[in-house]
Structures are given as structure tokens and as C-alpha cells.
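We count ligands from 1, going down the list as the structure has it; atoms in each ligand are counted the same way. All values reported here derive from a predicted model rather than from experimental measurement.
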Amino acid sequence: MQDPVDLTPMEAAAELKRLAAEIARHDRAYHTQAAPLIPDAEYDALVRRNAAIEARFPDLVRPDSPSRRVGGAAAEGFRKVRHVVPMLSLDNAFADQDVAEFVTRVRRFLGLAADEPVALVAEPKIDGLSINLRYEHGRFVQGATRGDGAEGEDVTANLLTLADLPRQLAGDAPAALEIRGEVYMTKADFLALNARQEAAGDKPFANPRNAAAGSLRQLDFRITAGRPLRLFAYAMGEASAPVADSHWHFLRRLAEWGFQVNPLAERCDDVAAALALYHRVGDGRAGLAYDIDGVVYKVDRFDWQARLGMKDRAPRWAIAHKFPAEQARTILKSIEISVGRTGVLTPWANLEPINVGGVMVARATLHNEDEVGRKDFRDGDTVVIQRAGDVIPQVVAVVPELRPEAAVPFSMTAKLTGEGDHPVCPVCGSHAVREEGEAAWRCTGGLVCPAQAVERLVHFASRDAFNIEGLGEKNIEFLVRQGYVGQPADIFRLEDEDRRRLQKLANFEGWGKRSAEKLFEAIRSRATIALERFIYALGIRQVGEATAKRLARHYGSLDAWRRAMDEILDQRTLPLPPVEPQEMVARREATRIPEAYAELIAIEDIGKGVAGAILDFFAEAHNRESLDALVQAMQALGGRVEDAQVVEASSSPVAGKAVVFTGTLVTMTRPEAKVRAEALGAKVVGSVSKKTDYVVVGADAGSKAAEAAKLGVTILSEEDWLRLIGRESGT
Ligand code: IVH
């Protein structure tokens, strides 16, 4: 086959046309007829060939190109399928006694004599997800998930990628036959998949069942094809003719048709035999290749099953005997801290690797500081680890008698502080804080913390922020992983950076020259932005769109806002006074609250919480540098942050008036008075002149009041002023 580089444009166009038609034909066969015409590997080769030619000739990408269709499937989702026979759930038994009672109920219901044997089939309860497979005239036609039991999702194309699924039943079968079973992933395949996920920067799965479910429910069946899913068959849905007289015989037929039937299943003559199997399988479950969470007992005779029927969405003829959670002991080597995408700092246990139910566990989350304190986990402790099937490993408890003498209680503050003098984020070194009333510590590094980079950047580029088309989560993740982007400024330096690189963005799989060029264009077009969007884009905690707008309207320009925040921080040697604007009024000026701070929290809806979050952001040198870099990078592309219109409350009686406040006010502080006056469009000035419209005098007013009188400027008491602006005093 010719290398795409050697193709002439004419040849390339012709081949792209041929590939589009051929791939579409295979997609149809695969998706709608559920009958692939070629092996998956060959299909993948066609798709790759198409992508390679498109990368070389971006101008020749066809409107009907297969590369454009992949996203299309996503929006549509899976088709819904109504189950002809509902997919039931199972009642649970936990103790041996529950199983004996189950058989007693069966006997009573059927009116059996005490000495009439009730044979059961006992089989492992596979921890995966159940599916319904429909066969017509022996041919597989449709597969669906359980869904809510009445209606599931059509995952036919995905199921066809499973080697365990017979496409054609061997031997005789009724014209219509539905087989039910469990799709699962082995523990080894699960661990290998997670290793691949992590290497690619994708989120690992919590357990084999989640991995199986996540892999099966892929809108692009080619992803499912790359995941090692398996299938055990164990039940029946609709059948147009009888297939067996007992479950045991049915299992034999399943095997004959070509299904995998669990080899541990056994026909048991009585409860004692069934329980013996339960304990035998339970003892050996850690050594099994796949997760099981119990044993299912089924009344063997089909005629009895039919008479027993169902109750509350579960059959009366079966019960699931669950295993207790798997536990093991190991050493808690140390408690470490990880940083989540939103900056939450989570303590986790670094464990001496241990096999818990067949899965090696080396780390487990400890949730938060309080949880560690409650359970009193310490470095060096022997701890009990539990894997409860559907959850990630948990550290359940300490074994107190094995605690080393030197073990010291864990302190999150000490851990985060290390050798330094204040708690910092272990990833980026920014301050770490724990807000009052919150369980979590957080990193304040926002823009610069790599752990938070993707999430922050996605927000930064999102529709209500910078609105950069083509910069969604997927591309940002890619750019971060490739080292293109770490902070917002890098987005505006992307094109430059790409020019410097040997391997161009356009050459990466899934990109192409056109898409790279389009992205650069989108970025350039957004280098100028309104102040309120800019502020919102910074992703400061608690600063949503509305707050960003208020800040923009109040300060008017990025510079003015920064100057004000710097002013507060300069004066902030002590923690900020924990006051609400209302309390502050009462405290008046005696508390020496920085004016700029008073101004900030006097803005509508900005309380101490929001103000604190804003100041935390600016307190970080990293964030300030990142902000500078961003503005500079925008400017390098000819952009800027546009000033906001400071609100002109032109209709107010004081709009455009020059006002001086002097003396001690009673109902508000002077900074607060200033903010309110300005919000109404007044200009607050420091000294009295002929141009001054009003001088508002409080108690102990000094020279300014006298000056006003001399110049004939209107003098108002605090009460007069409040009346003038429409606010009565004493409220
Ligand atoms: S029989 C009417 N057999 O367990 C009962 N179920 O809790 C049909 N499961 O939804 C199910 N292994 O996903 C049956 N050997 C087995 C099973 C099994 C796993 C699952 C199945 C079902 C759930 C009920």
C-alpha cells in the first residue's frame, strides 16, 4: 500500500472516497445487521488508513468522512429495548439458616411431603452486569442490558465484540430464544486495563464490575472491542418452545449451544450439599480469576419453578447467598495526601501491598481528616482492609494491639506543613486551607496546580468564560498530557509553541492540519474578552458568573480590581476580621477594617466567604504570576481585557453629584457609605471645593464642615443623606 506521503491529491481524493463508502458499509453490517463482514483488526486498519490520508491532505476531508461520524453516535445514545420477559432480581440470604428457610418456604408453597427431596442447582453469583441475548432461528439478533428490568439498552454491536458470545447456536434451538447471563471482566484483565487507563491519563475503574459495565456501555463499539469482556450464561428469557425440564439440563444445553457455563455449578440433593458448595467456593474465591459475590441456589425442576412464580420482582424459586466482604490485614506504611481535580486534598493509605480477595491492594482512600481522626489511623499501624465487591478497598479499622509504640496520631496540618511554616499543597506548594464547616482541605493553587489543571482549563475555555471552540475536556486533557498546556496563558501561546515543536499538533492522531488551524483561529478570536467573563474564567472558588459581573461593574478594570485586592492583602497581617457587612456597621471604624476590604464586602452578595476566596486566590504568588502571564499572552495576540461599564445609576437623585463624607457616621462606616454612594452614581471626593454638591457630616466633623459652610455647599446630616438616597435611618 502506498504511503500517504507519496499519494497525489487526485489519488488521495479517490482513496478517501472509496474508504468512506467501504467503512460505512462495514458500520451498517456491524450495527444494524449485527453481522460484521471483516475481522475487527481489518476494520481498524481501514479507519487508520483513512485518518493517515486525512492528516496528510486535510483539505480533502470529505463531509461524509468516517472520522467525522464518530462523535455523531454519541449524541444519539443507545436504543431502548423492552424485555419480553422482565429481568428479575434475586432475594438475598446471608446466613446458612436463611437458606434452610428458603427451602422450607418452597416446600410449603408447593405442598410437598417432608420427605420429598428438593434438588437445587448451586452456582457462583458472578459480579458483573446481566444481559439478555436474543436468538432467532439460532442466530444472535439482539443483546440488551438489564436496565430497570423492564427496559434495557441495545448493546448488540458491543456484545458482538465478545469472543464468548455465540453468534450462531450450535445444534437445535427454538425459533425464538432468549439467553441471559453475566458480562464480566477477570481480575487480571481489570488490573491491566486500569494500568493502561492510568498511563493514558484516564480515570481508572473502581472494580472489575464497573470496568465491565463501563466497557460494555461504550457508544463506539470499537472501544468495547479493545476491552477483554467475558460472558457466563445462566438463565432464560423468552423461549418459543421448551428447551429442558430442569435447570441442570438447561445448563447442559447452554454448553452445547456454545455458551460458557460456570464450571463450579453443581446439582445438590439437599440444603446441606448446597451449603457445602457455598463454603467451598467461598473459601476459594480469592483464587478465582473473577469476582463473585455469593452463590445462587435455584430450584432445579422447571415445572416447580413455573408453579412458584415470582413475588416483588424476584423469583420464589431462587435465592442469592451472599459472601461476607473480603478482608485482610496489612501494614499502613504511611498516610499520604493526594490532590483531586477540584483541589480537594484527600488523605490515603499507602499500604504494604496485600491480596484482598484476589486483587492486590496497595492504596486506599481515607476520605478526609476527620475520618482519619475518628478511626485513629497512624503510620506503621496494622489495619484491616476490606473489599466489599462493589466498592474500592476500604481501610476498616486499626488492630490496636499491634500498634508500634512510637506511632503518633496523624495530623493533616502537620503533614501539609512538613518542614515549612504553613500548610501547603503537596503537588504545587500553594497554601492549603480548610474552610470552617467543611470536611476537606483544599489547595488554593487554582491556576497553577497541575492536579487541578485540566478541570480549571476546561472551565477557563467553557462557553460562559473564554468560550473557545474546540477546547473541550478531551482536547484539554490531550494538550495537558502532551505538555502543551499547563496554565491558561499556555492556551494563548499554543500556536507559538506548536511552531517550535518538531512533532506538530496536526500530526497527532485525531487532529489533522485543519482542526489544529481551526483551534488556533478560535483562540486568536478570543484574545479580547470582557472583564466579567475574564474574572469568571479564573475559576476562583465561589466566584460564579453573577459575582464576576458584580466585581467587574464595581471595579471597572482588571487593574483597578487587582490594585484593590493588593491593597487589602498588604494590610492583611492578621487574619481578616470575621465580620459580615451588617456587623461591620455596628463595629464602625474603630475596628480599623481596611477600607478596600470594606469596599469589597459592601458589594452586593459578596460576604466574607466569597471575599476570603478571592483574597486566597490573590494571596498566592503563583496565581498572580499566572494572571500576569495570561494577560501578556493575550496581548501578544493583540488582545486585552476590556474594561467594564461602571454602573451609572443615572436615575438616582445623587447621580453625578460630588459628595464628601466627614466625621463619624452612625449607621455605616465611611467606606461603606462611599460604596453605596458610588453605586448610586455619586462621585465621592476627599476634600470640599466649590464643585462639591453635598457634604455629609457625622459626629465630630472637623474642618470640612466649616469649609462647606464657608463655600455655601449644601450640608447634610447622615439622616438627611439617607432620606435623600431613599433609605430611612434606624433600619
Ligand atoms: S439468575 C431470575 N444466576 O445477580 C433470576 N443471576 O441479584 C435471574 N447473577 O441480575 C438471575 N450470577 O445479574 C442468576 N448465576 C447467576 C448469577 C446471577 C450473577 C446476577 C444477575 C442478576 C443478579 C440478581
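- Under 4.0 angstrom from ligand 1, the non-hydrogen atoms of Lys298 all belong to its side chain.
- Exactly one residue among Arg146, Arg217, Arg79 makes a salt bridge (Lys or Arg N to Asp or Glu O under 4.0 Å) with Glu153. That residue is Arg217.
- Of the polar atoms of Pro124, at least one N or O is found under 3.5 Å from an N or O of ligand 1, judged by distance alone.
- Checking side-chain atoms of Asp381 against main-chain N and O of Arg403 turns up no donor-acceptor pair under 3.5 Å.
- For the 3.5 Å distance criterion, the side chains of His26 and Glu42 fail to qualify, holding no donor opposite an acceptor.
- Between Val296 and ligand 1, no N or O atom pair is found at a separation short of 3.5 Å.
- Comparing Ala122, Gly181, Pro315 against atom 2 (C) of ligand 1, the shortest heavy-atom distance belongs to Pro315.
- Between Met185 and the choices Asp291, Asp127, Asn207, Leu229, the side chain to side chain contact (heavy atoms under 4.5 Å, CB included) rule is met once, by Leu229.
- Of the N or O atoms in Ser89, none lie within a sub-3.5 Å distance of an N or O in ligand 1.
- For atom 5 (C) of ligand 1, the closest non-hydrogen atom on the protein side is Leu90 CD2, 3.6 Å.
- A 4.5 Å side-chain heavy-atom check between Leu251 and Lys298 finds every atom pair outside the cut-off.
- Each of Asp189, Val183, Leu162, Leu165 was checked for a side chain to side chain contact (heavy atoms under 4.5 Å, CB included) with Arg230, and the lone residue meeting it is Asp189.
- With contacts defined as side-chain heavy-atom distances shorter than 4.5 Å, the pair Leu110/Glu116 does not qualify.
- Protein heavy atoms are found less than 4.0 angstrom from atom 19 (C) of ligand 1.
- In this structure, atom 23 (C) of ligand 1 lies nearest to the protein heavy atom Lys125 NZ, 4.0 Å.
- Near Glu123, the atoms of ligand 1 lying under 4.0 angstrom from a non-hydrogen atom of the residue are 3 (N), 15 (N), 16 (C).
- Between Arg134 and Val81 there is no side-chain heavy-atom pair separated by less than 4.5 Å.
- In summary, the atoms of ligand 1 found under 4.0 Å from a heavy atom of Leu88, numbered by their order in the structure, are 2 (C), 10 (O).
- Taking Glu473 as the reference, Arg341 meet the side-chain hydrogen bond (donor to acceptor under 3.5 Å, both in side chains) condition, with sequence neighbours excluded.
- The proximity of Glu182 to ligand 1, defined as any non-hydrogen pair under 4.0 Å, is limited to the side chain.
- Atom 22 (C) of ligand 1 has its closest protein heavy atom at Tyr234 OH, 4.2 Å.
- Here His459 pairs with Tyr536 under the ring pair (Phe, Tyr, Trp, His ring centres under 6.0 Å) rule; sequence neighbours left out.
- Atom 10 (O) of ligand 1 has its closest protein heavy atom at Ser130 OG, 3.5 Å.
- Looking only at heavy atoms of the protein, atom 12 (N) of ligand 1 is closest to Ile126 N, 3.0 Å.
- Considering backbone and side-chain atoms alike, Trp317 places every N or O at 3.5 Å or more from each N or O of ligand 1.
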